[in-house]
Enquirer: 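Quick one: the structure is below, questions incoming.
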Amino acid sequence: MTQPIDCPLLTPFDGSFDLSSVPTSPPSDAPGKKECKELLAKEVEKLDDLQRVLYAKDHHSILCVFQAMDAAGKDSTIRAVFKGVNPAGFQVHSFKRPSTKELDHDFLWRSAKALPERGRIGVFNRSYYEEVLVVKVHPGILDSQKLPDRLGLDELFQNRYESIRDHEKHLARNGVVILKFWLNVSRDEQARRFLSRLDDPRKNWKFEPGDVKERGYWDKYMDAYEGAIQETSREHAPWYAVPADDKSYMRWQVARVLRKTLEQLDLAYPEVDPAEREQFDGFHKQLSAELE
Ligand code: ATP
Ligand code: MG
């Protein structure tokens, strides 16, 4: 199993995560925007190479979970970090409000179906974590979930954390390398980004009045994020709290954590069986002769 990348973004595994202690801006000694872009480009190149071997080896899959408040930059980070990878070995799944069919199953069902196959990288743009985030902020959503028992909210969410921990442990044991990124944008920066969606005609389409309403629940969301990270950050499924107010720094950090994790897998192209290799000479001669 891979080890979490030891960096300031990594959250603790003992339930002591304190959301007020994590910054939304890069540290003062962080590289500037231009340098972050150059560093990201290097990471993107390395990710391309690593993905090729991951695909050839075909033993592990990589699951990157992205959670964040609106306008934190999930979409653009996914686009920037994965722009070099081969689309054939890569898949993104965006989780919206569950459909009627999805509500007819347990809350992990729809994500289990969307998991990346061996050799592939999968991204969850939102995920089953919504079940302990938006649902915790708006418990009225539970009324549509057809749950068999009416549990108290505390017990219900503790049960969900437990289900998520068990699920992730099961996946990790079976070759899924799980990385979870919380893109931590500040409330002020979110307001600035909403304003630019209102001001810039090319961004108008991104503006959702509902997002402004949701922003009113900021503190409740932060409590829910803190609880989810406390309860589910584990060595085999770590949460990285990434400062999101500066997009260039955030994208570089996400790419760096992913690249370093992939490197730990010690990936190598599969070796051909010696008996099969012996036949290579014959094929070589035959094909060369055809070209003469
Ligand atoms: P963007 O706005 O950039 O397109 P998004 O991820 O915000 O991306 P939306 O369609 O705006 O996509 O929002 C999806 C909504 O679905 C979010 O408000 C999210 O909280 C909600 N959602 C996702 N999963 C669940 C769930 N299991 N239960 C209830 N709501 C959910
Ligand atoms: Mg949205």
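Each ligand, and each atom within it, is numbered from 1 in the order the structure gives.
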Enquirer: Only heavy atoms of Val134, strictly under 4.0 Å: list the atoms of ligand 1 that pass.
Expert: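 Selected atoms, number and element: 20 (O), 29 (C), 30 (N), 31 (C).
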Enquirer: Please work out which of the three classes, parallel, tilted or perpendicular, describes the rings of Phe181 and Phe66, given edges at 30° and 60°.
Expert: parallel
Enquirer: Relative to atom 4 (O) of ligand 1, which among Lys96, Glu208, His138, Glu214 owns the nearest non-hydrogen atom?
Expert: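 Looking at heavy atoms only, Lys96 sits closest to atom 4 (O) of ligand 1.
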Enquirer: Determine, step by step, whether Val135 and Phe157 satisfy the side chain to side chain contact (heavy atoms under 4.5 Å, CB included) criterion, reporting the C-alpha distance in whole Å, the side-chain angles of both residues, the deciding distance to 0.1 Å, and the verdict.
Expert: CA-CA 9 Å; Val135 180; Phe157 288 114; 4.1 Å; yes
Enquirer: If you measure only the distance, is there a donor-acceptor pair under 3.5 Å linking the side chains of Gln230 and Tyr161?
Expert: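 Tyr161 and Gln230 do not have a side-chain donor-acceptor pair below 3.5 Å.
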Enquirer: Only heavy atoms count here, so choose which of Arg126, Arg97, Glu131 is nearest to atom 31 (C) of ligand 1.
Expert: Arg97
Enquirer: Students often mix this up, so state it plainly: with edges at 30° and 60°, are the rings of Tyr128 and Phe124 parallel, tilted or perpendicular?
Expert: perpendicular
Enquirer: Any heavy atom of Arg110 sitting closer than 4.0 Å to ligand 1?
Expert: yes
Enquirer: Has ligand 1 got any nitrogen or oxygen that is less than 3.5 angstrom from a nitrogen or oxygen of Ser127?
Expert: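 In this structure, Ser127 places no N or O atom under 3.5 Å from an N or O of ligand 1.
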Enquirer: What protein heavy atom is closest to atom 3 (O) of ligand 1, reported as residue, atom name and distance in Å?
Expert: Asp75 OD2, 3.0 Å
Enquirer: Does Pro98 have a non-hydrogen atom less than 4.0 Å from ligand 1?
Expert: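 For ligand 1, residue contact (heavy atoms, under 4.0 Å) with Pro98 is present.
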Enquirer: Name the closest protein heavy atom to atom 2 (O) of ligand 1, giving the residue it belongs to and the distance to 0.1 Å.
Expert: Asp70 OD1, 4.5 Å
